[in-house]
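Read the structure below first, then the notes.
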Amino acid sequence: MKNRRSFIKKTGLFMGGLSVLPQYTFTSKFQKKKLGVCLVGLGNYSENLLAPALQLTQHCELKGVVTGSPNKIPVWQRKYGILDKNIYNYDNMDDIANNPDIDVIYIVLPTGLHSRYAIKAAETGKHVWCEKPMAKTVEECEAIIKACNKNKVKLSIGYRMQHEPNTQTLIKWSHTRPYGKIETVKAEIGFNIQNPGNTWRMDKELGGGLIYDVGVYSINGIRYTTGSEPISVTALHKNTRPEIFKEVEETTIFTLNFNDGLTASGKTTAAESVNILKADCENGWYQLQPFQSYTGVKGKTSDGQLLDTYIENQQAKQMDDDALSILQNKPMMVPGEEGLKDIAIVEAINESARLGSSVIL
Ligand code: NAD
């Protein structure tokens with residue numbers, strides 16, 4: 001295992017210096033094989049999005065799983081040909097350290113469990129991909145980053161939007177500012193959820209609540225659209241159905257203030273379907289609507305440009321981008337610090353809502 005890991009690391013380092021070579025040269029001559037990915041938690045996102053996407057990826061492939069549900073194992077083995085030796089549970093996942101088939105451990109568990117299992121994953125010496133939101137608290141995010149640094153493994157957060165081409169146009173415009181100074185940004189994401197059910201998403205301890213689940217997309221969207229970090233936040237929670245939303249908030253509304261006078265408004269809600277990211281600038285505007293969706297992210301600008309580049313599969317693009325960063329020993333596109341910054345803002349939002357006043361970041 002050590003040899004294989006050091007091979008990848010050395011290869012990556014070597015390629016880092018030769019990044020001007022076309023990709024096919026790199027792939028055919030230097031890449032030993034696709035990186036083996038092990039999914040931890042076989043719930044909806046793993047089953048219906050990530051595993052199918054891993055059938056489309058060029059630089060990584062599904063090789064293992066960690067599950068606490070033995071009944072899922074035969075189904076996954078039949079579907080994806082996963083070997084017996086690559087199947088783990090939460091108690092024996094430390095043994096992945098000795099499994100040369102697995103290069104990356106991808107944490108796809110309820111948010112409240114991310115830090116515990118991302119740290120376990122880092123300690124196996126394998127690279128770590130962790131779903132958004134990174135964790136429940138800044139402290140947990142820092143612990144994940146620390147464990148990955150200590151074990152010299154790479155860490156990426158599953159913010160797939162940052163790998164999506166229309167979103168990448170907005171990220172580029174945060175630097176180039178083709179419509180002049182950005183004055184205000186709006187990022188709203190919500191669903192009209194009639195029956196949320198009794199799942200971990202309604203459980204505060206496990207990291208439930210809209211602000212964690214999809215609210216982080218509006219925070220992340222504001223941050224990548226402005227290309228800057230807020231200095232203060234004002235927020236409030238609203239709950240029109242306290243009999244359903246007993247532990248977590250139904251709606252959160254917040255304003256982020258930035259150094260240069262720019263303000264951004266954010267909203268996340270389970271009471272209404274909304275999905276827009278808009279920047280109003282000195283000389284025009286642009287928006288994505290929807291800005292957060294598995295397919296069909298698209299937008300337009302005040303002067304009639306369409307932002308409608310199509311990609312087949314966001315998750316495949318995300319995982320291939322991340323696999324290439326590992327293979328070429330390049331910085332991850334969405335490192336742990338990205339997840340941490342959003343969770344710092346989530347904490348400030350909750351604090352502001354609790355105090356009823358603005359909180360300095
Ligand atoms: P899910 O409820 O469908 O699956 C969660 C899995 O965790 C299940 O297999 C469950 O058995 C397992 N689990 C282990 N211990 C558990 C416990 N104590 N309580 C509850 N479940 C436990 O959830 P999901 O929708 O697959 O979400 C998983 C993660 O993926 C979350 O972090 C979520 O935010 C993230 N996610 C990301 C995206 C995206 O677009 N990037 C989309 C959906 C979900």
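Note that ligands are numbered from 1 as they come in the structure, with each ligand's atoms numbered from 1 the same way. The first residue of the sequence shown is numbered 1, and numbering continues consecutively from there. The structure presented is a predicted model; accordingly, all values stated were derived computationally and were not measured.
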Give the residue, atom name and distance (to 0.1 Å) of the protein heavy atom nearest atom 34 (O) of ligand 1. K132 O, 2.8 Å
State whether a side-chain donor-acceptor pair under 3.5 Å links D322 with S156. yes
Measure the acute angle between the ring planes of Y159 and Y217, then classify it against the limits of 30° and 60° as parallel, tilted or perpendicular. perpendicular
Contact atoms of ligand 1, heavy-atom distance to T111 under 4.0 Å: 32 (O)
Heavy atom of protein inside 4.0 Å of atom 20 (C) of ligand 1, strictly below: yes
Do NZ/NE/NH1/NH2 and the carboxylate oxygens of R354 and E351 come within less than 4.0 Å? yes
Of Y90, Y45, W200, which is the lone residue that meets side-chain contact (heavy atoms from CB on, under 4.5 Å) with L109? Y90
Assess whether a salt bridge exists between D91 and K120, defined as any Lys/Arg side-chain N lying under 4.0 Å from an Asp/Glu carboxylate O. no
Part of H114 within contact of ligand 1 (heavy atoms, under 4.0 Å): side chain
What do we get for Y217 next to ligand 1 when only non-hydrogen atoms under 4.0 Å count, side chain, backbone, both or neither? side chain
Are any of the N or O atoms of L206 closer than 3.5 Å to those of ligand 1? no
For Y90, the ligand 1 atoms whose distance to one of its heavy atoms is below 4.0 Å: 14 (C)
Which of the numbered atoms in ligand 1 are under 4.0 angstrom from any heavy atom belonging to L113? 15 (N), 16 (C), 17 (C), 18 (N)
Are K85 and D101 within salt-bridge range, i.e. N to O under 4.0 Å? yes
Going by the 4.0 angstrom heavy-atom rule, the piece of W200 near ligand 1 is side chain
Check: Q315 N/O within less than 3.5 Å of ligand 1 N/O: no
Under 4.0 Å to a heavy atom of Y294 - the qualifying atoms of ligand 1, by number: 40 (O), 42 (C), 43 (C)
Short version for Y212: what comes under 4.0 Å of ligand 1, heavy atoms counted, is neither
Would you please test T268 and T251 for side chain to side chain contact (heavy atoms under 4.5 Å, CB included) and show each step? CA-CA 6 Å; T268 185; T251 297; over 6 Å; no
Of the side chain and backbone of L42, name the one, both, or neither that has a heavy atom under 4.0 Å from an atom of ligand 1. backbone
So, 4.0 Å and heavy atoms of P133: is ligand 1 close enough to count as a contact? yes
Which residue holds the protein heavy atom closest to atom 11 (O) of ligand 1, what is that atom called, and what is the gap in Å? K72 NZ, 4.0 Å
Taking atom types as modelled and ignoring hydrogens, do the side chains of N350 and H237 form a donor-acceptor contact shorter than 3.5 angstrom? yes
Under 3.5 Å between any N/O of S46 and any N/O of ligand 1: does that happen in this structure? no
For residues Y286 and D280, is any side-chain donor paired with an opposing acceptor at under 3.5 Å? no
Starting from atom 9 (O) of ligand 1, what is the nearest protein heavy atom, named by residue and atom, and what distance separates them? G43 N, 3.0 Å
Based purely on interatomic distance, does E131 place a nitrogen or oxygen under 3.5 Å from a nitrogen or oxygen of ligand 1? yes
Residue portion contacting ligand 1 (non-hydrogen atoms closer than 4.0 Å) for T67: neither
Find all atoms of ligand 1 within a distance of less than 4.0 Å from any non-hydrogen atom belonging to V108, and give their numbers and elements. 28 (C), 29 (C), 30 (O)
Report, in ascending order of atom number, the atoms of ligand 1 lying under 4.0 Å from any heavy atom of G158. 41 (N)
Give the atoms of ligand 1, by number and element, whose distance to some non-hydrogen atom of R160 is under 4.0 Å. 39 (C), 40 (O), 41 (N)
Ion pair present between K317 and E312, side-chain N to carboxylate O less than 4.0 angstrom? no
